[in-house]
Amino acid sequence: MRRTMGVLAVLTMVVVGGCGEPRSGSLGPAPTAATSTPPTPPVIAPEPPPTGPSPEAPRPTETSTPPAPTAQPSRTVTVELWYVRDGRIVPTRRTRPATLATSRLALAELAAGPTAAEASAGLATLVPTGVEVTRIAEATAVLGAVPTTGGPAAVRLREAQVVWTLTQFPTVRRVRFGTATSVDRTDYADLLPPIVVTTPAIGVRIASPVTVAGTADVFEATVSVRVLDGSGREIATTFSTASCGTGCRGDYRVSLVYRLDREQAGTVEVYEVSPADGSRTKLVAVPVRLAASR
């Protein structure tokens, strides 16, 4: 029995060994020692770019690099400023970079005072720095009380400058100083001169035909206008009729054609012809720059 078991074990080992994978050839030469020169790495060709947009790629209508900014024309705003001359308030205009805070801009310009050309025409300001609008509600601009330096007449002129300047804006119809009652332009209308020139403004360059406009309270509503060249020679003259006159203020507008062979300094004069002796009275002189016109 033991012999039989031994024979079976030998046969089993032979059968199992015969079921393994067949071996062919030798195992090859034994590995050699590494050389000092490293093997050259394989060259890997770059992958070609994708033919279609990836999920992260921008949409066809967009660009990954923003376009260069194009030059934009600078925006400006022109404000009307009311200064003081000979105890009355008179207008001029200033063009500045556009801003949403136009009331602040206007008051800052009032405080800054007239330009050299405006000062030479007799304009001055009584509004100091620091006068600002605190709020605008129900078409009323609210400010602190203005300084009282100079006496009642100066205070009233100062207030008139502010009121007539601020009420040019469509959001402002009245002004309140401190706790006082709100006021409007009519409260200071007596501080206007008989003739007000709103166009052209002091120091601007004008060309023929030139438009002259404003308000006036003159005899029989007749407003006379003339243009003088740099030597004081009259080069154009005309007259207009205001919408009201002789005790009431009305609007006027008129155009004049002049001829000049070269650009130069000049003056636009607006006045009343005296019914007594024909002299020029209530005259307003506006220094300007006259463009050449043939």
Side-chain angles (χ1 to χ4, degrees), residues 75-85 87-114 118 123-148 150 152-202 211-218 221 223 242-245 247-253 284:
R75 296 180 57 203
T76 59
V77 60
T78 299
V79 294
E80 187 176 80
L81 305 173
W82 289 79
Y83 285 106
V84 175
R85 179 172 58 195
R88 303 293 181 96
I89 57 171
V90 295
T92 188
R93 289 196 303 274
R94 214 60 70 70
T95 299
R96 292 291 183 263
T99 175
L100 294 177
T102 50
S103 60
R104 180 177 298 177
L105 169 66
L107 293 179
E109 291 293 331
L110 282 184
E118 292 163 350
L123 274 62
T125 186
L126 298 178
V127 177
T129 57
V131 176
E132 294 184 355
V133 175
T134 59
R135 69 180 186 278
I136 298 176
E138 298 179 352
T140 300
V142 181
L143 298 84
V146 299
T148 58
V155 171
R156 194 158 181 266
L157 280 170
R158 193 174 293 124
E159 291 177 347
Q161 282 187 258
V162 173
V163 170
W164 276 75
T165 297
L166 290 182
T167 51
Q168 72 184 286
F169 305 121
T171 55
V172 179
R173 290 290 174 265
R174 297 170 299 279
V175 176
R176 187 169 75 241
F177 298 99
T179 59
T181 304
S182 61
V183 290
D184 59 21
R185 287 191 170 195
T186 61
D187 293 286
Y188 303 92
D190 59 302
L191 293 178
L192 296 174
I195 296 176
V196 173
V197 180
T198 55
T199 301
I202 295 172
T211 297
V212 181
T215 66
D217 179 2
V218 292
V223 181
S243 58
C244 190
C248 62
R249 181 171 296 274
D251 300 322
Y252 69 88
R253 177 178 291 268
V284 178

>> Let's go through Asp184 and Val175 carefully: what are the C-alpha distance in whole Å and the side-chain angles of both, what is the deciding distance for side chain to side chain contact (heavy atoms under 4.5 Å, CB included) to 0.1 Å, and is it a yes or a no?
In response: CA-CA 6 Å; Asp184 59 21; Val175 176; over 6 Å; no
Counting distance only, does the side-chain N/O of [X] pair as donor-acceptor with the main-chain N or O of [Y] below 3.5 Å?
| X | Y | value |
| --- | --- | --- |
| Thr165 | Trp82 | yes |
| Arg174 | Glu138 | yes |
| Thr76 | Arg96 | no |
| Glu80 | Arg93 | no |
| Thr134 | Val142 | yes |

Could you verify whether a donor N or O on one side chain and an acceptor N or O on the other, from [X] and [Y], lie under 3.5 Å apart?
| X | Y | result |
| --- | --- | --- |
| Arg176 | Thr140 | no |
| Thr78 | Thr95 | yes |
| Tyr83 | Gln161 | no |

To the nearest 0.5 Å, tell me how far [X] [atom1] sits from [Y] [atom2].
| X | Y | atom1 | atom2 | answer |
| --- | --- | --- | --- | --- |
| Gln168 | Thr198 | CD | OG1 | 12.0 Å |
| Arg253 | Thr211 | CZ | OG1 | 6.0 Å |
| Leu192 | Ile89 | CG | CD1 | 5.0 Å |
| Leu166 | Arg104 | CG | CZ | 12.5 Å |

> Can we say Asp190 and Arg156 salt-bridge, meaning some charged N sits less than 4.0 Å from an Asp/Glu carboxylate O?
Replying inline: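 Salt bridge present between Asp190 and Arg156.
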> Is a salt bridge present between Arg94 and Glu109, judged by a nitrogen-to-oxygen distance below 4.0 Å?
Replying inline: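 Salt bridge between Arg94 and Glu109, a charged N being under 4.0 Å from a carboxylate O: yes.
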>> Go through it in stages, so that I can follow the logic: the residues are Leu123 and Val84, the test is side chain to side chain contact (heavy atoms under 4.5 Å, CB included), and I'd like the CA-CA distance, side-chain angles, deciding distance and then a yes or no.
In response: CA-CA 6 Å; Leu123 274 62; Val84 175; over 6 Å; no
>> side chain to side chain contact (heavy atoms under 4.5 Å, CB included), that's the test. Do Val90 and Trp164 meet it? Break it down for me.
In response: CA-CA 10 Å; Val90 295; Trp164 276 75; over 6 Å; no
Closest contact, heavy atoms only, [X] versus [Y]:
| X | Y | answer |
| --- | --- | --- |
| Val77 | Pro97 | CG1-O, 3.8 Å |
| Ala111 | Thr125 | O-CG2, 4.3 Å |
| Leu81 | Ala106 | CD2-O, 3.7 Å |
| Val131 | Leu107 | O-CD1, 3.5 Å |
| Arg158 | Leu126 | NE-O, 2.5 Å |
| Asp217 | Gly247 | OD1-N, 2.9 Å |

Would you check if [X] and [Y] make a side-chain contact, meaning some heavy-atom pair closer than 4.5 Å?
| X | Y | value |
| --- | --- | --- |
| Pro194 | Arg88 | yes |
| Val218 | Tyr252 | no |
| Val163 | Asp187 | no |

> When you look at Val79 and Phe169, which way does the side chain to side chain contact (heavy atoms under 4.5 Å, CB included) test go after all the steps?
Replying inline: CA-CA 9 Å; Val79 294; Phe169 305 121; 4.2 Å; yes
